[in-house]
K.L.:
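My questions all concern the structure below.
Naming: A, B, ... by sequence-line order, numbering from 1 per chain. Side-chain atoms are counted along with the backbone in the values below, which use heavy atoms only and exclude waters and symmetry mates.
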2 protein chains.
Amino acid sequence: MEQPRKRAKPGRAPAPAGRKSRPRQAEVARLAGVSQATVSLVLNARRDGKGATISEETRQRVLDAARSLGYVPDPAARRLAAARNNLLGVFSFTSTFPTDVQHSYYPFLVGVEQEAAARGYDLVLFTASSGGGPDALSRVRLADGCLFLGRHVPRAELKRLVADGFPVVHLGRREELEGLAWVGADYVSASREVVAHLADLGHRRIVLVREDDDAPASTDRQQGFLDGLDGAGLAGGPDSVLRCADPVSEVTAERVRELVAEGVTAFVAEETDTGAAWQALTGAVAGAGLSCPGDVSLALLGSPPPELAAGPVPTGFDVPRHELGAAAVRLLSAQVAGEEADEPLVACEFRAGLTAGPAPVPEP
Amino acid sequence: MEQPRKRAKPGRAPAPAGRKSRPRQAEVARLAGVSQATVSLVLNARRDGKGATISEETRQRVLDAARSLGYVPDPAARRLAAARNNLLGVFSFTSTFPTDVQHSYYPFLVGVEQEAAARGYDLVLFTASSGGGPDALSRVRLADGCLFLGRHVPRAELKRLVADGFPVVHLGRREELEGLAWVGADYVSASREVVAHLADLGHRRIVLVREDDDAPASTDRQQGFLDGLDGAGLAGGPDSVLRCADPVSEVTAERVRELVAEGVTAFVAEETDTGAAWQALTGAVAGAGLSCPGDVSLALLGSPPPELAAGPVPTGFDVPRHELGAAAVRLLSAQVAGEEADEPLVACEFRAGLTAGPAPVPEP
DNA sequence: TTGTAAGCGTTATCAT
DNA sequence: ATGATAACGCTTACAA
């Protein structure tokens, strides 16, 4: 019999002595006295009985062996073999956990985590800072799909992922990129609702204070604001929108006094990262010596910043961040499953608040 | 027309319809007229010149081919072959992202993410809730190592991981479990420092208000408190510690008045989840009609709860949560690399604050 | 019902 | 300096 030539084989070096390597299917197989493939079959047995043809006895032996060894499938190998990982990626272009808690994605992640857990996915946080290189984004392919969040999107990279058919969902409206799925809040309807509320209270002249930004979140709010005016039969001339590069210096007490003198009875501010518009507005109203629900009504198109949590609850709406996160996961998970699903805009919840009241009766 | 029957070969199934195939190293190789291995060598050429022995010409040809094909490495294959997942787990026994932001691990995660990114790791988020079963903990093995945080630790499961040589680090002191690595804040030193500060200000009778809890975080603070008294040559009798099951009802204005009458000039409260001790203390002092840095000095062994952020900054110390997270990742990453490293306690930073002043001169 | 083996896209080793 | 080739751990078609 021909002796198998025992020449040193090419290939990887043996595992370094120090660390114990995790158990693999082969070891489970050995312990259970079956073939490695059987282990795979047992472990991936579909619950719908389809294709699962394994005797209950073997099944148990394999399961026991796996448990006693603490076996867990290697996600990379699973993925490589053209199967699923049960891993969903989360990639933020800035840090996922910025030092400044205020600007963080935390509230979204709450929803993301819950929905992911409910669907049996674990979450991989791809840390943006690490790679840096052009293919930093490409690491996400380790997961079955990936959620993206952040302001500045590397278009080319993302486009590539989408083009390759890799499941991708962006959290926040993003229509610029053809074929990119996204979920977003319905700022238009919510803003319209707020304006309708003010109109119901008798306000005829309403002014929007917004920052000088072209983000969808801003333009959507303005659109809803104008829609609202329109729906109430109110004029929405150009002077009903104050677009300020720096709200704090532009929305002064004097300016507010002027506008009120002209007949404005209600102000609406958009919510932004900094909360500048709202802060400028409330500051100016107080500075003008006007009482809030009494002399003028105020509304905030969004949630108040945490540092103002102590003040009176502003009339306005809340962005359902949890729900947005959850919706994103639903959409992504549908994509992963190959179902080209579609998530509608998520509705914001109206918040009655304390800063809006009946329009003051004009003095004769 | 009779289709030439392509007999399906064993092996993997055809790629799922959605997923378009991307160029691989083999195609780059073909285009560049070299072997696939050469492509790998070129693409992974170490910048330190070590082991890189490829002619500049080939190098360029390969690079060009890769670029023109838009080649991006497959992370799954890469990790599989390299036998490293570059994945660190984060497991919290409660939800990683509790709805209540206040009690969240957020501040730690900031540090964890940064350090992980710096070391080229991605993070896998596990939640106790998602798994469910008794071997839910076992899922963490899909990562190269795992960070644990939370109050209630399933000892048996964790022990198993440690025994199996799986790299594990607990965030927060945890000496009960033999062989479990952990990182913690040095509450003892920090508390001692605060007391020393008070003693320097002339206080001779200082009382600690703490909750009825046996967590290391509590006992460490008490120990540091007593050490501080001792170091200042002050008596640390049993009446210098107020251990309350319910601080708010036990630390009353009357009680404070009594103690002050007995000669107590400074109070120290431990920081807890709820912040009850500190709130009870400040409330009682105000209720007793005492002015804070004037009549009595107050110190908080930790950071004030967010809802009190508006008040005067308490004298005390800050737990370096970012740094703790980072330290945990360092320790874990050392373990993963097989280096049995050791992280010392992380120092807390003294905060001068505004609630402590010179001891009032006793009236004759 | 179970075993055999191909192949996923890399990396790393040896031989040329 | 480059090319073969063996792993890496897994899924799955097909043979037994």
K.L.:
Given atom CZ of A/Arg30 and atom C1' of C/dG3, what is their separation to the nearest angstrom?
P.N.:
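It is 16 Å, rounded to the nearest whole Å.
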
K.L.:
Given D/dG3, is OP1 or OP2 found less than 4.0 Å from the side-chain N or O atoms of B/Thr38?
P.N.:
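So the side chain of B/Thr38 is within the cut-off, an N or O lying under 4.0 Å from OP1 or OP2 of D/dG3.
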
K.L.:
Please report, rounded to the nearest Å, how far the P atom of C/dA12 is from the CZ atom of B/Arg79.
P.N.:
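Result: 15 Å.
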
K.L.:
Salt-bridged, B/Arg78 to B/Asp74, with N to O below 4.0 Å?
P.N.:
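Salt bridge flag = no for B/Asp74 with B/Arg78.
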
K.L.:
Do the non-hydrogen side-chain atoms of A/Arg22 and B/Asn85 ever get within less than 4.5 Å of each other?
P.N.:
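Heavy-atom side-chain distance check passes, below 4.5 Å.
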
K.L.:
Just how far, in rounded Å, is C1' of C/dT1 from CD of A/Gln60?
P.N.:
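Going from CD in A/Gln60 over to C1' in C/dT1 covers 16 Å.
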
K.L.:
What nucleotide among C/dT10, C/dT2, D/dT12 has an atom nearest to a side-chain atom of A/Ile54?
P.N.:
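The answer is C/dT2.
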
K.L.:
Start with the C-alpha gap between B/Val168 and B/Leu332, add the side-chain angles, then the distance that decides, and say whether side chain to side chain contact (heavy atoms under 4.5 Å, CB included) holds.
P.N.:
CA-CA 6 Å; B/Val168 163; B/Leu332 185 56; 5.7 Å; no

K.L.:
Looking at C/dT10, I'd like to know if its phosphate oxygens (OP1 or OP2) sit under 4.0 Å from a side-chain N or O belonging to B/Ser40.
P.N.:
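No, B/Ser40 has no side-chain N/O under 4.0 Å of OP1/OP2 on C/dT10.
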
K.L.:
Residues two or more places apart in sequence or in another chain: which of them pass side chain to side chain contact (heavy atoms under 4.5 Å, CB included) with A/Ala26?
P.N.:
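By the side chain to side chain contact (heavy atoms under 4.5 Å, CB included) rule, A/Ala26 matches no residue at all.
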
K.L.:
Please state how far atom CZ in A/Arg78 lies from atom P in D/dT11, giving the value in whole angstrom units.
P.N.:
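Going from CZ in A/Arg78 over to P in D/dT11 covers 5 Å.
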
K.L.:
May I have the distance from A/Asp74 (atom CG) to D/dA7 (atom P), rounded to whole angstrom?
P.N.:
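Nearest whole value for this atom pair: 18 Å.
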
K.L.:
OP1 or OP2 of C/dT2 versus the side-chain N and O atoms of A/Ser55: is any pair under 4.0 Å?
P.N.:
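So the side chain of A/Ser55 is within the cut-off, an N or O lying under 4.0 Å from OP1 or OP2 of C/dT2.
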
K.L.:
Between B/Arg59 (CZ) and D/dT2 (C1'), how many Å, whole number?
P.N.:
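The distance from CZ of B/Arg59 to C1' of D/dT2 comes to 16 Å, rounded to the nearest Å.
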
K.L.:
What is the distance from CG of B/Asn44 to C1' of C/dT10, rounded to the nearest Å?
P.N.:
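So the CG-C1' distance, B/Asn44 to C/dT10, works out to 9 Å.
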
K.L.:
Please check the phosphate of C/dT1 (OP1 and OP2 only) for any side-chain N or O of A/Thr58 closer than 4.0 Å.
P.N.:
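For A/Thr58, the contact criterion (side-chain N or O under 4.0 Å from OP1 or OP2 of C/dT1) is not met.
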
K.L.:
Between D/dT11, D/dG9, C/dT10, spot the one nearest the side chain of B/Gln25, thanks.
P.N.:
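Among D/dT11, D/dG9, C/dT10, the one nearest the side chain of B/Gln25 is C/dT10.
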
K.L.:
Both A/Pro73 and B/Val34 contact DNA chain D. Which one's nearest nucleotide lies toward the 5' end?
P.N.:
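On the 5' side of the pair lies B/Val34.
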
K.L.:
To the side chain of A/Ser35, which of C/dT4, D/dG9, D/dG3 is closest?
P.N.:
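That would be C/dT4.
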
K.L.:
Would a line drawn from the ring center of A/Phe91 to the ring center of A/Phe93 be shorter than 6.0 Å?
P.N.:
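They qualify: ring centres under 6.0 Å apart.
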
K.L.:
Using whole Å, report how far CD of B/Gln36 lies from P of D/dA7.
P.N.:
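Going from CD in B/Gln36 over to P in D/dA7 covers 16 Å.
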
